[in-house]
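Naming convention: chains lettered A, B, ... in sequence-line order (proteins, then strands); numbering from 1 in each chain.
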Amino acid sequence: MKPSRIALVDVNNCYVSCERLMRPDLERVPMVVLSNNDGCCVARSAEVKALGVKMGTPWFHMKDLAKQHGIRAMSSNYALYGDMSRRFHAVLAQWVPPECQEIYSIDECFLDFAGQDRLDLTETGQAIRAQVKQWVGLPVSVGIGSTKTLAKFANHVGKKQPQWNGVCDLTVLSIPDRLALMDQFPVQETWGVGRRLAEQLIDLGIRTVGDLARCNPKRMRERFGVVMERTVAELQGVSCVEWQTQPPAKQQIVASRSFGGPLYTLDQIAEPVRFHMGRAAEKLRQQGGVAGRVGVLLETNRFRPQDPQYSPSRSISLPAASDDTAVLTTWAVTLLRALFKAGYRYVKAGVMLDDLRPKEMSQGSLFDSLPPERDHRRETLMAVLDRANGKWGRGTMGVGSAGVRDQKGWAMNRGMLSPCYTTNWEELRAVS
DNA sequence: TCTGGGGTCCTAGGACCC
DNA sequence: TCTGGGGTCCTAGGACCC
């Protein structure tokens, strides 16, 4: 059997690159894109990375640095990034048959070149870079390896070491050369090795990606479990991570968000909880599912140790699985009442839907008064709700007070939002 | 004053059953 | 005083990812 060749293509500094696409004047300006609520940096331009700013740095921590270096910050504009992502994946779809493309995330895509043995993948990688740049306008890097974990590593190498010019193909290297390259990178660069595992590995003297690749997978399983065994095997070229052409149906839906500012009362918090359940239930209906379990969570500010801390969560199995916003919201508010305690400074609330299953398979409760055929009037109502919110924006229609009143006190801060250039006619880029 | 949000998988431990 | 063993299911928590 021929060894497989898998490419990982990803967009460099994705959100920053998307913003610059519409604002060429920001091309060399050091800039970051902020998380929801303008909280912390989730994307950094090369200039900002060079200043040593880490992923996840709170924006208010780097205000001085920003002033000093003229760092520009933008709120995240997911409508824009989602649209650009769709175009990026569409271009890549031209390079392999559909079953050989795996859309891994908003800015990453695996391509399986199995069966295209005569292709020089370094050349192909360069052609892909040029095409995405020309057709979509985004800069990408390409890594090629015989497993997904190796492709991920190769991609990282292609980005970090300029001599690769954005494309690194590990499959053309000898094993000693490959290990030597791996020895140049800290073990934490391995896909699946985070901060915690890295600490433990370093304690054992496993410091580089190469060190990890030389380990015995079975032995690593005894110490760290099956995930680590697979990671080591993948680094050795033994494929262990499944290929997923179709995104699997979600097993859990979460909708949560920090408030614009702290909230103190049950009534105040009930509003965002209803709103979040509106969003969660909409996602649930989009995947044609019903939820058998509803959960609610609350959080105080863990970064303020001087505050009394209380971050409870609770969930409950429903008597009958449902996709009905009103039903799910009633349960969520019931849970919220059970959870809420006065005297805390709450900064975040969220809802969870679990035990998801396809609607066709759902069974009514034994004690349900409704006949087994579904309640079509409720379904029509939910469809109207989804259409209205899809057309006029989230929060147009909701259950109870969700989205009806203005979102005073809990709406997100997005003070530096760019226009929705590509998804809203009102906000098209003007060229003068 | 201001620190994201949405996911997955695995494991350990308790409840429960025979 | 001495109090089984094994399987399954569920849940919470920890680790990771983008």
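- Distance CD1 (Ile253(A)) to C1' (dG7(B)): 11 Å, rounded to an integer number of Å.
- For Asp211(A) (side chain) and Thr208(A) (main-chain N/O), a donor-acceptor pair under 3.5 Å exists by modelled atom type.
- With salt bridges taken as basic N to acidic carboxylate O contacts below 4.0 Å, none links Arg219(A) and Glu229(A).
- Here the C1' atom of nucleotide dC16(C) and the CD atom of Gln252(A) are 15 Å apart, to the nearest Å.
- We find that CD of Gln287(A) is positioned 15 Å from P of dG6(B), with the value rounded to whole Å.
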Practice task
Give the C-alpha distance, both sets of side-chain angles, the deciding distance and a yes or no for side chain to side chain donor-acceptor pair (under 3.5 Å) between Arg293(A) and Ser317(A).
Solution key: CA-CA 4 Å; Arg293(A) 220 178 151 78; Ser317(A) 286; 2.6 Å; yes
Do any N or O atoms of the protein come closer than 3.5 Å to N or O atoms of nucleotides 1-4 of chain B, and which pairs are they?
residue, atom, partner, partner atom, Å
dC2(B), OP1, Arg345(A), NH2, 2.8
dC2(B), OP2, Arg304(A), NH1, 3.3
dG4(B), O4', Ser35(A), OG, 2.8

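- Residues Glu108(A) and Lys152(A) are paired through a salt bridge, judged by an N-O separation under 4.0 Å between the basic side chain and the carboxylate.
- Ionic pairing of Asp183(A) and Arg214(A) is present here: one or more N-O contacts between side-chain nitrogen and carboxylate oxygen are shorter than 4.0 angstrom.
- Counting any heavy atom pair closer than 4.0 Å across all strands shown, Ile106(A) reaches no nucleic acid atom.
- For the pair Thr147(A) and Gly237(A), the tightest heavy-atom approach, listed with the atom from each and the gap, is CG2-C, 3.5 Å.
- Nucleic acid contact for Thr190(A): sugar-phosphate only, since backbone atoms but no base atoms lie under 4.0 Å from a heavy atom of the residue.
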Identify all pairs in which a protein N or O lies below 3.5 Å from an N or O of nucleotides 10-15 of chain B, and state each distance.
residue, atom, partner, partner atom, Å
dC10(B), OP1, Arg230(A), NH2, 2.6

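- Backbone-only engagement by Arg293(A) is indicated by non-hydrogen atom pairs under 4.0 Å involving sugar-phosphate atoms exclusively.
- Atom pair Glu234(A):CD and dC17(C):P shows a separation of 14 Å (rounding to whole Å applied).
- In this structure, CG of Leu197(A) is placed 4 Å from P of dC16(C), rounded to the nearest angstrom.
- Between Gln188(A) and dC16(C), a side-chain N or O to OP1/OP2 separation shorter than 4.0 Å is absent.
- A donor-acceptor pair under 3.5 Å is formed between the side chain of Arg20(A) and the backbone N or O of Leu26(A).
- Going from atom CE of Met352(A) over to atom P of dG6(B) covers 11 Å, rounded to whole Å.
- Using a 4.0 Å cut-off between a side-chain N of Lys or Arg and a carboxylate O of Asp or Glu, Arg28(A) and Glu47(A) do not qualify as a salt bridge.
- With respect to the salt-bridge test (charged N to carboxylate O, under 4.0 angstrom), the residues Arg302(A) and Asp307(A) do not qualify.
- When rounded to the nearest whole Å, the span between NZ of Lys54(A) and P of dC18(C) equals 17 Å.
- Here Lys359(A) pairs with Asp323(A) in a salt bridge; the nearest charged N to carboxylate O distance falls below 4.0 Å.
- Ring centroids of Tyr104(A) and Trp191(A) are separated by less than 6.0 Å, placing the two rings close together.
- Listed here is the closest heavy atom pair of Arg72(A) and Val29(A): CB-CG1, 4.0 Å.
- For DNA chain B, each stem of at least three Watson-Crick or G-U pairs (distances under 3.5 Å) is given as range with range: B:5-18 with C:5-18.
- Spacing between atom CG of Leu356(A) and atom P of dG6(B) amounts to 15 Å, rounded to whole angstrom units.
- Nucleotides dC16(B) and dG4(C) have their C1' atoms positioned 15 Å apart, rounded to a whole Å.
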